[in-house]
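As structure tokens, the structure follows; a few thoughts come after it.
Per chain, numbering begins at 1; letters A, B, ... match sequence-line order.
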There are 2 protein chains.
Amino acid sequence: MQKSRPKAITAAEFKLQKDSADIAPVPVLERSAAQRKVLDAALKLFSDVGYFNTSIPDIVRASKVSTGSIYHHFGDKTGIASALFEQITGDLQAALDDIEIAHITTGGRCRAIIELMFEITERSPATMEFMLYAKHKEFLPAHAPICSSAPMTRMRDFVALGIERGEIRVIDPTIAAALIYGPAIRLLQLRLDGIIERPLFELLDELWDSSWRSLRAKAG
Amino acid sequence: MQKSRPKAITAAEFKLQKDSADIAPVPVLERSAAQRKVLDAALKLFSDVGYFNTSIPDIVRASKVSTGSIYHHFGDKTGIASALFEQITGDLQAALDDIEIAHITTGGRCRAIIELMFEITERSPATMEFMLYAKHKEFLPAHAPICSSAPMTRMRDFVALGIERGEIRVIDPTIAAALIYGPAIRLLQLRLDGIIERPLFELLDELWDSSWRSLRAKAG
DNA sequence: GTCTATATCCAGATAGAC
DNA sequence: GTCTATCTGGATATAGAC
């Protein structure tokens with residue numbers, strides 16, 4: 001079972017890369033070196049074998065941080081998942097802020113969001129897998145479903161605004177959001193599952209043309 | 001955390017309902033009463049709290065079948081998940097057969113498939129959840145990823161055929177399939193997560209018009 | 001804050017009578 | 001085929017020195 005998918009980068013690296021582009025970074029979750037080691041190892045393990053197939057001893061081995069330290073920092077095992085969740089959704093929020101500023105049209109924003117999702121998938125599949133498959137009911141009892149998380153509602157809000165503004169034709173906003181993001185999410189799942197072998201970027205233009213064609217108000 | 005979603009029917013009932021419409025049913029996985037009780041209980045528990053949060057003693061309590069009998073029939077815990085997987089994908093295959101016969105046009109077939117997915121979601125959310133979230137890596141090691149399962153490839157084949165036939169405009173078949181099924185799957189996930197409160201059927205026409213509009217070759 | 005050693009519990013799985 | 005009683009390993013989590 002060889003994986004021919006791109007080498008994962010860690011959540012920490014993904015965040016770093018983002019920050020380096022910022023002039024005045026938003027107050028960010030500060031993490032000690034040990035905490036980062038644990039989160040990096042955990043993200044990789046959760047992605048490779050799943051949350052429940054990952055034991056604390058596994059994380060101890062992979063992170064080279066002791067059991068005691070892990071419990072000191074994260075309280076319990078779900079604390080690790082929570083910390084990852086907050087890290088990732090926080091980064092995503094920041095990225096959406098950037099997109100909102102950099103693009104004024106709804107079409108531009110939605111396309112940039114899809115590009116962002118593709119980019120995360122290619123650069124850090126483990127991060128995308130965590131977002132897609134983080135089942136609140138199973139190991140994030142303190143959190144709402146990922147579909148109602150801040151970044152997701154934000155994405156829907158962009159679409160709803162586009163309808164108000166008349167950039168998108170009159171249509172149920174929920175359906176519009178599904179038409180915009182649904183195909184992209186589907187492709188990215190197929191990519192993560194190894195069904196698609198090409199980098200997602202190669203599919204972006206054709207995907208976007210078709211998605212947007214069915215929704216834009218007139219010419220756009 | 002009140003769930004206002006439709007009452008679940010069991011996989012067994014879903015299959016039964018299907019069979020009752022058949023004249024000459026395909027050879028089907030025969031299951032004893034005890035086996036059905038176990039599978040019904042397990043499907044519900046897996047959906048409610050997740051596979052890993054469900055213990056064998058939980059299933060014993062819910063199914064009123066003893067530990068010994070469960071192991072006798074299913075070998076081990078993954079055997080229960082496997083049996084569910086085969087049951088559900090088998091039923092789905094049969095339903096796709098019916099659709100292939102009942103509809104000749106690609107548009108008709110794809111629309112019927114989406115309708116089927118919506119119907120399963122409404123009638124047996126647990127079944128749909130199992131299909132969507134059954135992570136082969138985590139608890140179905142013997143199975144390929146769900147995306148490459150027979151029903152899923154079949155769905156993509158319908159689309160590819162539509163392109164060959166000239167019913168769908170010339171476009172990458174993978175993208176075409178994502179454009180057709182992606183929005184529907186997205187809506188159904190939102191429904192399962194409680195974000196959408198209306199039955200999916202009410203969204204079908206508007207969804208389909210938009211999806212198909214971006215793909216049909218000319219007028220359709 | 002970090003570590004090792006250890007306690008406790010309960011999961012998955014088996015044995016063997018009926 | 002079904003059941004009860006039981007084994008055993010390894011998981012989460014803690015204690016307490018440094």
Atom [atom1] of [X] to atom [atom2] of [N]: distance rounded to whole Å?
X       : N      : atom1 : atom2 : value
A/Tyr51 : D/dA11 : OH    : P     : 13 Å
A/Arg36 : C/dT2  : CZ    : P     : 12 Å
A/Phe52 : C/dC10 : CZ    : P     : 16 Å
A/Ile70 : D/dA15 : CD1   : C1'   : 17 Å
A/Tyr71 : D/dG16 : OH    : P     : 18 Å
A/Ile56 : C/dA5  : CD1   : C1'   : 17 Å
A/Arg61 : C/dT4  : CZ    : P     : 13 Å
B/Lys37 : D/dT2  : NZ    : C1'   : 11 Å

request  = Compare side-chain N and O positions of B/His72 against OP1 and OP2 of D/dG1 and report whether any pair is under 4.0 Å apart.
outcome  =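 Yes, because at least one side-chain N or O of B/His72 sits under 4.0 Å from OP1 or OP2 of D/dG1.
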inquiry  = Counting only side-chain nitrogens and oxygens, does B/Ser69 get under 4.0 Å of the OP1 or OP2 atom of D/dC3?
reply    =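 Checking D/dC3 against B/Ser69, a side-chain N or O does come within under 4.0 Å of OP1 or OP2.
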ask   = When you measure from the side chain of A/Thr89 to the backbone N and O of A/Phe85, does any donor-acceptor pair fall under 3.5 Å?
value =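 Between the backbone of A/Phe85 and the side chain of A/Thr89 there is a qualifying donor-acceptor contact (under 3.5 Å).
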request  = Could you tell me whether the side chain of B/Ser211 and the main chain of B/Leu207 form a donor-acceptor pair under 3.5 Å?
outcome  =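 At least one qualifying donor-acceptor pair exists.
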query = Near A/Lys44 NZ, under 6.0 Å, is it more than 12 heavy atoms from other residues, nucleotides or ligands?
reply =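 Incorrect, the count does not exceed 12.
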inquiry  = Does A/Lys135 have more than 12 heavy atoms from other residues, nucleotides or ligands lying within 6.0 Å of its NZ?
reply    =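 Yes, the 6.0 Å shell around NZ holds more than 12 heavy atoms from other groups.
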Base, sugar-phosphate alone, or nothing: which one does [X] contact when heavy atoms must sit under 4.0 Å apart?
X       : value
B/Thr67 : base
A/Ser55 : sugar-phosphate
A/Pro57 : base
A/Thr54 : sugar-phosphate

request  = Go through the structure and list residues passing salt bridge (Lys or Arg N to Asp or Glu O under 4.0 Å) with B/Arg156, not counting sequence neighbours.
outcome  =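 B/Arg156 satisfies salt bridge (Lys or Arg N to Asp or Glu O under 4.0 Å) with no other residue.
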task = When you get a sec, tell me which of C/dA13, D/dC3, C/dT4 is the closest nucleotide to the side chain of B/Ser66?
result =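 Among the listed nucleotides, the one closest to the side chain of B/Ser66 is D/dC3.
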